[in-house]
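Worksheet for the structure shown next.
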Amino acid sequence: MKLAYWMYAGPAHIGTLRVASSFKNVHAIMHAPIGDDYFNVMRSMLERERNYTPVTTSVVDRNVLARGSQEKVVDNITRKDKEENPDLIVLTPTCTSSILQEDLENFVDRAQMDSKGDVMLADVNHYRVNELQAADRTLEQIVEYYIKKARKKGNLPEGKTEKPSVNIIGMSTLGFHNQHDCIELKRLMADLGVEVNEVIPESASVHNLQNLPRAWFNLVPYRELGLMAAKYLEKEFEMPYIDITPMGVVETARCIRKIQQVINAQGANVDYEEFIDNQTRFVSQAAWFSRSIDCQNLTGKKAVVFGDNTHAAAMTKVLAREMGIHVVMAGTYCKYDADWFRKEVSEYCDEVLISEDNGEIADAIARIEPSAIFGTQMERHVGKRLSIPCGVIASPIHIQNFPIGYKPFLGYEGTNQVADLVYNSFTLGMEDHLLEIFGGHDTKEVIHKGMSADSDLNWTKEARAELNKVPGFVRGKVKRNTEKFARERNLSEISIEVMYAAKEAVGA
């Protein structure tokens, strides 16, 4: 395991808790020491939840270490079963509790005998997978459990719905704009004449999971959550699934055309071309805006994109194909799915970076010096230090990325929101002019610390004073160029003479 100050994706148990707490009337028991129990605070704060998060920590303490956990874990499960009357209790270990190597499956079997609701152990390897992988696996496991249970009792419905219908799979708590995306997808399906059969896991009842096979197809808008469940349903019931993320004008149209193909293959007769044309030309403002003089001012500007697979790949395509912006680097922290990402973005960017190391991404951004960044809250912090604007497009996120207003990223309304985010993330021409006139709003002090903690260069007092005369909005760039010039010549001290030489070297 690697300890880090910053993590793009949390440990496995966070993914399991996200899925379990997304369902309605499902309770999670987390077998963990104090310190691993921050999920409740994080969820209630970020999601602005009025109700208590349905997660209980079965604390691993010195008494547990001395005597074993079975009695305590079983007691906690049966107690919550009596107090909350949940349909399902999910027990999840953590990395630290897994060190005890206890037979948690046996604990679950014991607790099931005294519980009215169902009890399940999250079957994920906490040492080998992260939050996103664990969430995907947990959702598949819960779906499989209730499909098998309904089949065993003879309650599995037969046949499909009368009209074309869809299951939307992958909407969860703590997801990036998931609730707004879900509303937009429901509206889009209504416009297409497609009924929404079930949405899972957010606000879904586990008892309704037996109805999943009645849908004509499954829609998986996010690659990180829902694919495993969709593939299970495809294997068991030959249900087709669509995993095209409808983000941006082009990909939304491609997703709709795929829906048309899938439902027509099952007996429908629909043609969505007129709908796509009308939405693109007259309803969505994004297509018009991309041809406007305002957006043309962004043509050729450099951008860096980084995030999860879904949003980083989609944003790279939107910037390059729809807005004419030069994506110098596109990257993701989803190392487990790197091949897919490379295939999706390689033709739209100069460089692909697959990494979980925040420092490596920060150094790459400092090296490239783009006009704008589109990334996570981590890249936003990097942008703040480099005076580069950043639009947040993916988790990890802060409370400001859980807007109260309606801001979907998917569908045709999502195209407008994305276009606004892109345009407002760049420092525009008039803004450049005003910043130069007024000298910006930042401090006059020189920032000595580079993006990596390996700066060994010393600035003389005169050089610092000269650097402070540089307008604030370009001071960081001047400092980095000067230090780069000095390192290339093995200089350990930066004087005014070195600054002037560096300036001449770059032709500025």
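For the pair L174 and F402, the minimum side-chain heavy-atom distance is below 4.5 Å. Within the 4.5 Å cutoff, the side chain of L91 has no heavy atoms near those of the V119 side chain. In this structure, V199 and N167 have side chains that are not in contact, with every pair of non-hydrogen atoms separated by 4.5 Å or more.
We find that R367 and E351 are joined by a salt bridge, their nearest charged nitrogen and carboxylate oxygen being less than 4.0 Å apart. Between E140 and R137 a salt bridge is recorded (basic side-chain N to carboxylate O distance below 4.0 Å). A salt bridge does not link E71 to R110: none of the charged nitrogens lies less than 4.0 Å from a carboxylate oxygen. Using a 4.0 Å cut-off between a side-chain N of Lys or Arg and a carboxylate O of Asp or Glu, K116 and D81 do not qualify as a salt bridge. A salt bridge does not link E47 with R43: every distance from a Lys NZ or Arg NE/NH1/NH2 to an Asp or Glu carboxylate oxygen is 4.0 Å or more. Under a 4.0 Å N-O distance rule, the pair D118/K149 qualifies as a salt bridge.
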Review point. For T376 and I393, what are the C-alpha separation, side-chain angles and deciding distance, and is it a side-chain contact (heavy atoms from CB on, under 4.5 Å)?
Key: CA-CA 6 Å; T376 73; I393 61 162; over 6 Å; no

Review point. Can E379 and I365 be said to form a side-chain contact (heavy atoms from CB on, under 4.5 Å), step by step?
Key: CA-CA 9 Å; E379 284 67 53; I365 292 171; 4.0 Å; yes

Practice item. Begin from the C-alpha positions of L209 and L212 and carry the test side-chain contact (heavy atoms from CB on, under 4.5 Å) through to its verdict. Key: CA-CA 5 Å; L209 294 178; L212 289 173; 3.9 Å; yes

Practice item. Determine, stepwise, if the pair T332 / N309 fulfils side-chain hydrogen bond (donor to acceptor under 3.5 Å, both in side chains). Key: CA-CA 6 Å; T332 182; N309 269 351; 3.0 Å; yes

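Side-chain atoms of E360 and S355 form a donor-acceptor pair, as typed in the model, at a separation below 3.5 Å. No side-chain donor-acceptor contact under 3.5 Å links N401 and H398. Using modelled atom types, one finds a donor on one side chain and an acceptor on the other under 3.5 Å when comparing T310 with E224. Looking at T56 and H27, their side chains do bring a donor and an acceptor atom within 3.5 Å of each other. Checking S58 against N76 by side-chain atom types alone, a donor-acceptor pair falls below 3.5 Å. No hydrogens or angles considered: a donor-acceptor pair under 3.5 Å links the side chains of S284 and T415. Between the side chains of Y8 and N130, no donor-acceptor pair is found at a separation under 3.5 Å.
Taking the six-membered ring wherever Trp is involved, the centroid distance between the rings of F409 and Y222 does not fall below 6.0 Å.
Applying the salt bridge (Lys or Arg N to Asp or Glu O under 4.0 Å) test to E131 and every residue at least two apart in sequence or in another chain returns R18. Residues meeting the side chain to side chain donor-acceptor pair (under 3.5 Å) test with T16, sequence neighbours left out: T138.
Taking the ring axis of Y406 as reference, the NZ or CZ atom of R187 stays within 45° of it and closer than 6.0 Å to the ring centre.
Shown here for P403 and H180, the closest heavy-atom pair between the two residues is O-CE1, 3.3 Å. Across all their heavy atoms, M171 and P221 have their closest contact at CE-CG, 3.8 Å. Contact detail for P93 and L104: the closest heavy-atom pair is CB-CD1, 3.6 Å. Of all the heavy atoms in L319 and V305, the pair that sits closest is CD1-CG2, 3.5 Å.
Note that CH2 of W216 is 10.0 Å distant from CD of E195, once rounded to the nearest 0.5 Å.
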